[in-house]
Amino acid sequence: MIIQQNISLKSYNTFGIHVNAKRFVSITSVYQLQQLLKEEKDIFLLSGGSNMLLTKDIDKLVVHLNIKGISIDREDQNNVYLTVNAGENWHEFLLWTISQNYGGLENLSLIPGNVGTCPIQNIGAYGVEVKDRITKVEAIEIETGKLISFSNSECEFGYRNSIFKNYAKGKYVITSVSFLLTKVNHKLNTSYGAIETELENRNIKNPTIKDISDAVITIRQSKLPDPKEIGNSGSFFKNPVISKNQFKALQKEYPNIPSYIISENEIKVPAGWLIEQSGFKGKRYGDYGVHEKQALVLVNYGNASGKEIHQLAQNIQQTIKKKFDINLEIEVNII
Ligand code: EPU
């Protein structure tokens, strides 16, 4: 365990923002983490760096969670129970599950980040949320160094939300996530329009989990920028939920407004649509801007600063408030 001095975090966050870490350490085991926490409790945790916007240098010790490993806890004819350590890359793990014909995660293909952070914001795409497959999350309590186990219900999952964004925020380091996946009779979720269309284009009538994963990869690649090429953090905002009355009023003015019904009185509206209607889609300001194919994604074309991107986000929020009287909530962690 070597503590390095003055490291640039540019290659450790998918936005590709350069800030300086005064001290930096990479952790490869739970034991190392427990030893470190005996000495240092005021730490800055870094995993895949896929859901953060760095706006300033980090003075705290940056702890890079690099604990790897996948284990099969048990299996029967129908199901497999896996535990995956936090530092495994999400998409590489997912491709491995597909290669083993373990079903359940295929709709979540190509989401950036590591396994350890997937429960924090309850990653979701194309009709599936990771909470549907998680059985347990293990974490080290920073204060005591104890390993604590959270059952699925104890994680208090919601839309892009969990206990780790609320009560438990900053108190734990997630070290592993356990999943229940299917070996046979996979419960496929192809109801999302874009998946249906992609499977039709490929003339696939009875899709396998690999077919679905491949379709999702194609859809994402066509809409979302690859962080290796253009820095970004996926959806920068959450899709806002508004009242039915407000939605009806909006629909009069914008008959084509897309929507998803949440409950009898609540409607979710795509933030990407609101941002596009406000004229921001594809706008570039110097080295940063709004992605040309999905307005929900803010991008760094090279050397933008986190402050510049944050300012653009605030500008978008104010414009949406004025134009639609809707509060857009930022989904990415602003550091
Ligand atoms: N839309 C626009 N303009 C845009 C973007 C979207 O009009 O620039 C419209 C689309 O035409 C469509 C609707 O908005 O009618 C929904 O768009 P899309 O299917 O792309 O989904 P989204 O609601 O914008 C959410 C997730 C994505 C996830 C997709 C697919 C959130 C905040 N985002 O986006 O998640 O991939 O659904 O399931 O819920 C992420 O979290 O990083 C992420 C990419």
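Numbering of ligands and ligand atoms starts at 1, following listing order. Atoms considered below: every heavy atom in the structure, side chains included; atoms not considered: hydrogens, waters and symmetry mates.
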For [atom], grab the closest protein heavy atom and report residue, atom and distance to one decimal in Å.
atom: atom 13 (C) of ligand 1; answer: Pro270 CG, 3.5 Å
atom: atom 38 (O) of ligand 1; answer: Tyr126 N, 2.6 Å
atom: atom 23 (O) of ligand 1; answer: Asn239 ND2, 2.8 Å
atom: atom 2 (C) of ligand 1; answer: Glu276 OE1, 3.4 Å

Closest non-hydrogen atom pair between Asn189 and Gly127, with its separation
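Here Asn189 and Gly127 meet closest at ND2-O, 3.0 Å.
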
Salt-bridge criterion met for [X] and [Y] (N-O under 4.0 Å):
X: Glu138; Y: Lys136; value: yes
X: Glu88; Y: Lys68; value: no
X: Lys322; Y: Asp325; value: no

Min heavy-atom dist [X] to ligand 1 below 4.0 Å:
X: Phe236; result: no
X: Gln121; result: no
X: Lys223; result: yes

Looking at non-hydrogen atoms alone, which of [options] comes nearest to [atom]?
atom: atom 44 (C) of ligand 1; options: Gly113, Ser235, Gly234; answer: Ser235
atom: atom 31 (C) of ligand 1; options: Arg220, Lys281, Arg160, Gln277; answer: Arg160
atom: atom 9 (C) of ligand 1; options: Trp273, Tyr159, Tyr192; answer: Trp273
atom: atom 24 (O) of ligand 1; options: Lys268, Gln294, Glu129; answer: Gln294

* So among Ile230, Leu298, Leu54, Leu9, which one has a side chain to side chain contact (heavy atoms under 4.5 Å, CB included) with Phe15? ->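 That would be Leu298.
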
Walk me through whether Glu143 and Lys41 qualify under salt bridge (charged side-chain N to carboxylate O under 4.0 Å, His left out). CA-CA 7 Å; Glu143 194 52 41; Lys41 298 212 190 300; 5.5 Å; no

- Query: Taking the six-membered ring for Trp, are Tyr254 and Phe324 parallel (under 30°), tilted (30 to 60°) or perpendicular (over 60°)?
  - Reply: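 The rings of Tyr254 and Phe324 sit tilted, inter-plane angle from 30° to 60°.
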
*Indicate, as side chain, backbone, both or neither, the part of Tyr260 found under 4.0 angstrom from ligand 1 when only non-hydrogen atoms are considered.*
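Side chain only.
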
query: Just heavy atoms, cut-off under 4.0 Å: does Ala295 contact ligand 1 by side chain, backbone, both, or neither?
result: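 Under 4.0 Å from ligand 1, Ala295 contributes backbone and side-chain atoms.
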
Under 4.0 Å to a heavy atom of [X] - the qualifying atoms of ligand 1, by number:
X: Pro258; answer: 15 (O)
X: Leu296; answer: 24 (O), 32 (C), 33 (N), 34 (O)
X: Phe237; answer: 32 (C)
X: Ala125; answer: 36 (O), 38 (O)

Which donor-acceptor pairs under 3.5 Å do the side chains of residues 117-124 make with protein atoms, sequence neighbours left out?
unit_1: Thr117; atom_1: OG1; unit_2: Asn114; atom_2: O; d: 3.0
unit_1: Asn122; atom_1: OD1; unit_2: Val130; atom_2: N; d: 3.4
unit_1: Asn122; atom_1: OD1; unit_2: Lys131; atom_2: N; d: 3.1
unit_1: Asn122; atom_1: ND2; unit_2: Glu129; atom_2: OE1; d: 3.4
unit_1: Asn122; atom_1: ND2; unit_2: Gly158; atom_2: O; d: 2.8

Task: Qualifying salt bridge (charged side-chain N to carboxylate O under 4.0 Å, His left out) pairs with a residue from residues 289-309, counting only residues at least two apart or across chains - done: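 The answer is none; no pair qualifies.
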
**Request:** Can you confirm whether something in the protein, heavy atoms only, sits under 4.0 Å from atom 27 (C) of ligand 1?
**Result:**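 It does: a protein heavy atom is found less than 4.0 Å away from atom 27 (C) of ligand 1.
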
Can you confirm whether more than 12 heavy atoms, excluding those of Lys171, are under 6.0 Å from its NZ atom?
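Count over threshold, so yes.
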
State, yes or no, whether a side-chain contact exists between Thr175 and Val137 at a heavy-atom distance under 4.5 Å.
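Side-chain contact under 4.5 Å: no.
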
